[in-house]
Structure formats: C-alpha cells, structure tokens
Amino acid sequence: MALSWNEIKDRSLKFSKEWADESREHAEAKSFWDEFFNVFGISRRRVATFEKPVKKLNDKYGFIDLFWKGNLLVEHKSKGKDLSKAYSQALDYFNGLKEHELPKYVLVSDFEKFRLYDLEEGSENEFHTKDFHKHIKLFGFIAGYQKITYKEQDPVNIQAAELMGKLHDQLKDSGYEGHPLEIYLVRLLFCLFADDTGIFEKDTFKEFVEIKTKEDGSDLGAVLAQYFQVLNTPNEKRLKTLDEHLNQFTYINGKLFEEHLPIAAFNSGMRELLMECNALDWGKISPAIFGSLFQSVMNPQERRNLGAHYTSEKNILKLITPLFLDELHNEFRKAKGNKRKLQEFHKKLASLKFLDPACGCGNFLVITYRELRLLELEVLRELHKGGQRILNISEIIWIDVDQFYGIECEEWPARIAEVALWLMDHQMNMRISEEFGQYFVRLPLKKSAKIVHGNSLRIDWEEVITKSELSYILGNPPFVGSKFQNKEQRAEIASVSNGTKGVGILDYVTGWYFLAAQYIQGTDIQVAFVSTSSISQGEQVGVLWKDMFSKNVKINFAHRAFQWNSEARGKAAVHCVIIGFSLKENKKKKIYEYDDVRSEPHEINASNINAYLLDGPSVVIENRQRPLCNVPTVCIGNKPIDNGYYLFTPEEKEAFLKIEPKAAEYFRRWVGAREFLNGIERWCLWLGDCSPAALKSMPACLERAKKVQEYRSKSKSAPTRKLAAIPTRFHVENMPTDHYLIIPGVSSERRKYIPIGFMTSDVLASNLVNISGNATLYHFGILASTMHMAWMRYTAGRLESRYRYSIGLVYNNYPWPSEVQGSQKGAVEKLAQAVIDARSAFPDSTLADLYNPISIPARLTKAHGELDRAVDKCYRPQPFTNETARIEFLFDLYNQYTAGLFVTRKKQKK
C-alpha cells in the first residue's frame, strides 16, 4: 500500500539529514539509492537496476548507473563533477533503449546536489541533498502521486487511444470480438490506470507482464485470465500457494472482474503492444477525455480523425457551471466561517444526484464528479483549517460515485463510463491524500455509478432513478437532423412526443426534451442539454417549445449558438446551443451571447428567456397563412412536377429548336434560387397557353407533354396523379403580369444579407424562390435591411447550415414598422434604389459574388449601411447597437401586434 504524504515527508527529512553528512562516501552509492527509493515506500530492487548495459550511438556499450524502465534514468557522479555532462551522458543511452523503455525523468547527482529533468514538461530543478525534503513533491511520480494537468488534444491522450486501438484490432482479428472484447479492453484500461495512479504499487502490472509472460506472447492470455480472477478474489480467500507476483495485487471488486471471459490468444506483436501501453504515463491521461477518444477507437473511420469527436471539458463546463456549480459555490461562500452551515452544505453535496440520459463514455458525469469533489475539498479545508488531526480520512469524504446515473444505448461506452468514474474518484482521493497527508483509497470497490445499457427514448427513466431522488439532468444527446433520421428514430420521436403535431420536422435531440419535461413534473429538478441550434430557430420552435411551455417549462439559462469542437476533415461544423430549464423559475436568468460562433461568450442578465434564447416574452412563432401586417402577399414560384422534361439549358434549348423551331415562342427564362444567385441561364418550355391545335403541330412538344403525363400518372401522390389529366399545366402556377420581387428560398449563412431583387414578368420563377407581384421599392428596402435579416436569422429554418426562408414563418410573421411618415418611406425607397444601382455597377458579377463576405464591393456595403439606418429610423429614433437589440425589439413589437389581434378576435367572437 502506498505511503501517505506525511510519511514520505518524514522519511525524506531523515534522508536529507543523513546524506548531507559529508563523511558518506561515493562507495555507498547503492545504499544511497536504496534509501532514496525507500523514502517512497518502494523497493529499489523491484523496480530499478544498477549498471544496465546499453549500446550507444557510437556502437560502444555504456552502463546506465540506475535505470527504471519507462520512468527514471539516474546518472551519478563524484562530488563536484559537472552535472550537465552527466545529463548529456544520460541522453546518449536513449539510442539503445526500446520505445516503451524510454524514461520520463532523468536524475543526475553528485551526492551533494540533485538535478531532476522532467522530459515531458521540459522542466529542470536543482537543489542540495540537504534540501531534498523541501522538493519532495517533484518526485511524487515514484510513489504514484502526480499533479494532474489535462490538455485537450494532448498527444498522450491520442497516443494512448491509438495504441489501444491497435490492440483492439489485433485481438479482433484473432477472433476475440463482441462483448468479451469490450469487457477485456475495459479491464486492461483499468489496470493501466491503476499502475500509474497509486491503485496498484507503481509499475507492478507492467513488471508482472514483463516478468511472468513469454516474449512470444503465447502464455499472456492465460496469465491475464488468472490475473483478472485474482483481482476479483478477496485477499483472505486467495490460495495460500498463489504466486507472490499475483498476490501483491489488491482486491478490486466492483464487478469489473467478475464475469468469466474466454481466454485470449496473444502473439509477440500483441504482447509488445501491451508493453507499449504499459510504458505510457496513464496518470497524465484524463478519464473524461480518454473515454471519448477510446470510443472512437472502436470505429476505424473515426480513428482517422482521433481527437475531433470528444466533448471538450470547456464545453462541458459551459453547461454545468450555470446549471449548478455557480449556485453551489455561492452557497459555499456564504457558509464560510459558520461550521454548522458548512456541515449542512457538505451533507447537501453528498445528497445531490445526477442523471445523464445519453451519457456515452460519461464525459459529463466524470467532469461533474470531479468538480463536486473539488468543492468538497474546499469545504473540508474550511472545516479543518485549525490544524486538528483527522484520525480517519474516509469518514470525512462523503461524495461518492453512486450519486451518478446514466443511460447509454451501446454497451461499450456504458462500461467505459463506469470505469472512468472510478478512475476520477481515485484521482480525487489522491488529491485528498496529498491535502491531508493521509493515504486514502477506496478499495475494494463497494460503490459504483448506475449506468444502464439501453435506449433512453424507449425505457422509463424512473426505473433508472426515481424523480423524487434526482437533482439534475444533464448531457449531450445525439445530433441527428430531422432529415437524417432513420425510421426507428422517427418512430421514437413520434412516440415520446405524445401526439404533438408536426414532430416530423424535429431534430432527434428533441426526444430528450419531451421526456425530460414529462419526467420533472411535480419536482424542482433542473435540466440542461447541449443541442443542435435548430431547435431554437425557425419551424422547430413552434412544435417543440409550444409543447414545452404548455408543461410550464421555464428556461433559466442559455448559451446562444456557438461552434461545436470538430476538426475532422469532411465534417461540417455544428452550431450548438445549451439550454437549461426547469419547472421552477430562477430569479436570476442568464444568457451567454457570442459575438461570433467561434468567440468566447459574455454573460447577460435576462428577465425572461424565450424559445429563441432572447430576453423577451415567451412567444412562439408559428406558421401564419397571411401577413401579420398590411403588406403584399408572398408566394412560392411555379412548381411544374415534370421530372425535368420542361426545363432546358441553353444548349438543350438550341438543340430542341433545331427539331422544333415553332416552339421558340413558348420558351421563357426560368429562375430558381441557384439561377438567381449565380447568374445561371435556364429555360422553361411553357405549354400552358398553347392551344391544342398548336401543340399538335409541334410533335416534339407533344412528346414532352406525354412524358410528363406518364411521369405524373405513376406518382404515389394522389394530387400528382390527378394532375396527369392536364400535363401542360403546372402543379403551382404563379406568373405575375408585371415586375415582381424575388427572395431565394435558401441562402448561405455566411452572407450578411440575403440577396433580394426584382424580376421582369417574362421570366418564370421556380418554387425554389418566393415572389410577390405587388411589392414596391419600400418593401424591397425593408426586406433587404439588417432589421429583417436579424428576424430571418432567428425565425428561418435551416437546410444544413444555410438559411431556409419560409413565407409562413419569416415573412408572414414579420412585424413591419407602423405609422411610417412619408419622408421616412421616401428615404427608404431612395436608398433601396441605391442598393440596386450599386449592384448594377458590377454587371460581370453575380449576386453570389457581390454578397460574398470577402468580395462584397465597398460601394454595395455603403449602400446597405445607409439603407439600414433609414429602416432603423422607421422603427425608432435611437440606433440599434447590435443584432440582439434588434431582435429583442422585433419580438416585443410582434408581441404587441399579436396581442392586439387576439383582443380583436375575442371581441368579434363575442
């Protein structure tokens, strides 16, 4: 069992005094290093060897003075010798060592001074032997105590996952697969961590594999099988004749080693891989980060982008800090100085229970557990700051892993989550041990997190933990857009939504919102999920949040859209939000706003947070059949349902007219969103106005009409089959007789403005654009303004990441300025024309070129800026400082307009 820090400090002080005596001779080197290791309760003979022969770069052999494979290389010199030369000599030995033997530390000494090099940190510390006890914590790695510093994308995390991935592949190729392979790797993972973090005595597992198994790996599987059995056997029940190398390992319990697994068959390469894994310093690997990295190991496609798929600690803290950490830290600060209040607060911490209903490898649970334990440590410091001696440290640590619950649909991540929590628990125990100078470890394992292997949308969460016990629900449910769901996922959303209409447009994550809202009824449970940003935008809001608000759900904090971590090649950046909610309304609501999706958030206090994550009334924008205000109607363009038989490129049109020249008068320019934005020329053969006699005289046109008729008649849609009776007509016909306004149905999210324009009546618009035949320059000016774009960004749906401009949601609900004076209207019209003129100054550029954020001309930018100021003045005299101010103003105005409509309709009904 490892020594406590107090014991190590006492031993180091004795060592410092004894070896500071100048009468000690160099001849006593072995005694010096034996006593040095004894300070940490480690037998030097067990871990390190003297005079290790190594071939150097010059092909000559040298001898390492003292060598501990994979950890420490010592070079000692006579008193007064140059320690820098000793260090250079030590580095010369590296060439003759295997990869897994390379040390992490080099220690040089002349018995009067120590100089320790930390090769991974790149640090160097020198001090006199008499001061050894003052620097003892630099050597914590010998006893298994280490400072824990985790870095996201740290190479050691990725290297560890890659090595385990290779081992996984080779075991699988040997025929060892499925459930046994998953459990086998989890066990190895635990043992590797245990070897470097003080659960086992330092490097005992590594030594055991190295000493007790053959280099060809032929007996490794059988030896590990016996080893796992020993870890599951209490010490008092072990065989008296058990090998001492096996008997030194402590009883683990926790059911981790309980199940009987088939014996794996290793070869020399697989054994070498395990030795390479053993050589890594697993004490520097984060259980939270590694879980997701390890999960991606199981998928060869994801492994190419290892490190791009895990949830970063930074993003986890974005959720748990406002959900509970801030409140708990505030409560702790208030309790400071009052022992009774501190004790009550400590009891509260030990009573909190957390559920992640889509826990994966347990990232959120692991980080939550760590933060809770760190807060407990602060409480204990306050309670025991008088220096009173603690007789039994286990009696003052109350927080444990059995306060954590999870649901995970795949077995492998579920098991990783359990182990990751145990490992984080141990790391926190080591921290407590260091703080109070008493070695503390929870072995054998008696408690564990409850991680249920099952589909979260198909099981009753109360079977996992009753809601009367639970405090918080948190997590990061799967990101699956509505259009990418399979049949089973669609059926699950339909099932959990309990008959809510329109759920076919919802993202998969909304299933967790429906279940959480139902589960927390009658409780004070607080919930927070990371989610796709689309659930707080456009058409999904009207379906999801109308149901959520009907269940009295209140949003207490929210992170507006930010970019989720993903460096993977070929992976689209995902824009996410974090939404915290409960039935109990928090007095202090907070919105975390981002100037840019990649920037850091700044905190805003809010009086109310609505479904669009704005400080404003809890309105839900739903599809409206007619405009909210007295403005021209907008409709989609023409929808042929012709399988492309009536549409032509310029070349196709030219070839067609060679065989059917009389068809020339029936061709009309055709424009959809792509054609409008990119200046693409397309043509439509419009036969709707063609008389039967004229059609009969054009056989090629008649043939096209027949093909359209055949195509429609085979459709699964009854309205389309009915349309086959009139093959020359379109399903939707919208052909203004004068110039008309055109709004692309889809536009890039990179553009500051959706390019809106006018089109002449001889051009037919497709159903991929929205058009209005009665719009004026004033209407164009308002719709092309930043004010309208702000509204669009919040209320429009998304196609992938692009904005999808919906007539029913965006246009028909838009709150136009009221009581606009003639001069204001004239100013808007004049500046709207200036925008059109600025575009015309670049006749060789398409709208896509003109509105590209990089290539947009200065003249066009200036014209839009002047138009924006004129439109703003139509709403109010004061300028709007940012988009948030605009959208909050518009939502308030919308609320006023709709409240007036409601009152009018109520009176009419009476």
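Numbering starts at 1 and runs along the sequence shown.
- Tyr645 and Tyr711 have their aromatic ring centers separated by at least 6.0 angstrom.
- Take Arg751 and apply the salt bridge (Lys or Arg N to Asp or Glu O under 4.0 Å) test, not counting sequence neighbours, and it matches no residue.
- For residues 637-647, no residue pair satisfies the salt bridge (charged side-chain N to carboxylate O under 4.0 Å, His left out) rule, not counting sequence neighbours.
- In this structure, Arg876 does not pair ionically with Asp872, as no charged nitrogen and carboxylate oxygen lie closer than 4.0 Å.
- Qualifying ring-ring contact (aromatic ring centres under 6.0 Å, His included) partners for Phe562, counting only residues two or more places apart in sequence or in other chains: Tyr594.
- Screening residues 601-618 for salt bridge (charged side-chain N to carboxylate O under 4.0 Å, His left out) gives Lys590-Glu603 as the qualifying pairs, with residues at least two apart or on separate chains.
- Qualifying ring-ring contact (aromatic ring centres under 6.0 Å, His included) partners for Phe557, counting only residues two or more places apart in sequence or in other chains: none.
- The list of salt bridge (charged side-chain N to carboxylate O under 4.0 Å, His left out) pairs with a residue in residues 492-512, not counting sequence neighbours, reads Arg458-Glu492.
- The shortest distance between side-chain heavy atoms of Arg490 and Val503 does not fall below 4.5 Å.
- For residues 816-838, the pairs satisfying ring-ring contact (aromatic ring centres under 6.0 Å, His included) are His779-Trp816, Tyr814-Trp816, with sequence neighbours left out.
- Counting heavy atoms of neighbouring residues, nucleotides and ligands inside a 6.0 Å radius, atom NZ of Lys873 does not exceed 12 of them.
- Ring centroids of Phe648 and Trp670 are separated by 6.0 Å or more, keeping the two rings apart.
- A distance of 11.5 Å separates CD1 of Ile887 from CG of Leu613, quoted to the nearest 0.5 Å.
- Arg669 pairs by the salt bridge (Lys or Arg N to Asp or Glu O under 4.0 Å) definition with nothing, not counting sequence neighbours.
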Let me have the donor-acceptor pairs involving side chains of residues 625-636, under 3.5 Å, with sequence neighbours excluded, atom names and distances please.
none

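- Contacts classified as ring-ring contact (aromatic ring centres under 6.0 Å, His included) and involving residues 605-631 (residues at least two apart or in different chains) are given here: Tyr612-Phe891.
- Note: Phe479 and Tyr508 fail the aromatic proximity criterion, with ring centroids not under 6.0 Å apart.
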(request) Kindly determine whether Ser618 and Asn608 satisfy side chain to side chain contact (heavy atoms under 4.5 Å, CB included), including the steps that lead there. (result) CA-CA 8 Å; Ser618 295; Asn608 184 66; 3.0 Å; yes
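- Aromatic ring pairs are classed by plane angle as parallel below 30°, tilted from 30° to 60° and perpendicular above 60°; the pair His739 and Phe758 is perpendicular.
- Taking the six-membered ring for Trp, His602 and Tyr592 have ring centres at least 6.0 Å apart.
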(message) Checking Glu539 against Arg804 for the salt bridge (Lys or Arg N to Asp or Glu O under 4.0 Å) test, could you report, in this order, the C-alpha distance in whole Å, the side-chain angles of both residues, the deciding distance, and whether it holds?
(response) CA-CA 10 Å; Glu539 56 194 354; Arg804 183 168 56 195; 2.5 Å; yes
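- By the neighbour-count criterion of 12 heavy atoms within 6.0 Å, atom NZ of Lys830 is sparsely surrounded, having that number or fewer from other residues, nucleotides or ligands.
- Remark: Glu733 engages Arg729 in a salt bridge (Lys or Arg N to Asp or Glu O under 4.0 Å) (not counting sequence neighbours).
- A centroid separation of less than 6.0 Å is found between the aromatic rings of Tyr805 and His788.
- Atom CD of Glu883 sits about 5.5 Å away from atom OH of Tyr794, to the nearest 0.5 Å.
- Scanning for salt bridge (Lys or Arg N to Asp or Glu O under 4.0 Å) contacts around Asp868 gives an empty result, with sequence neighbours left out.
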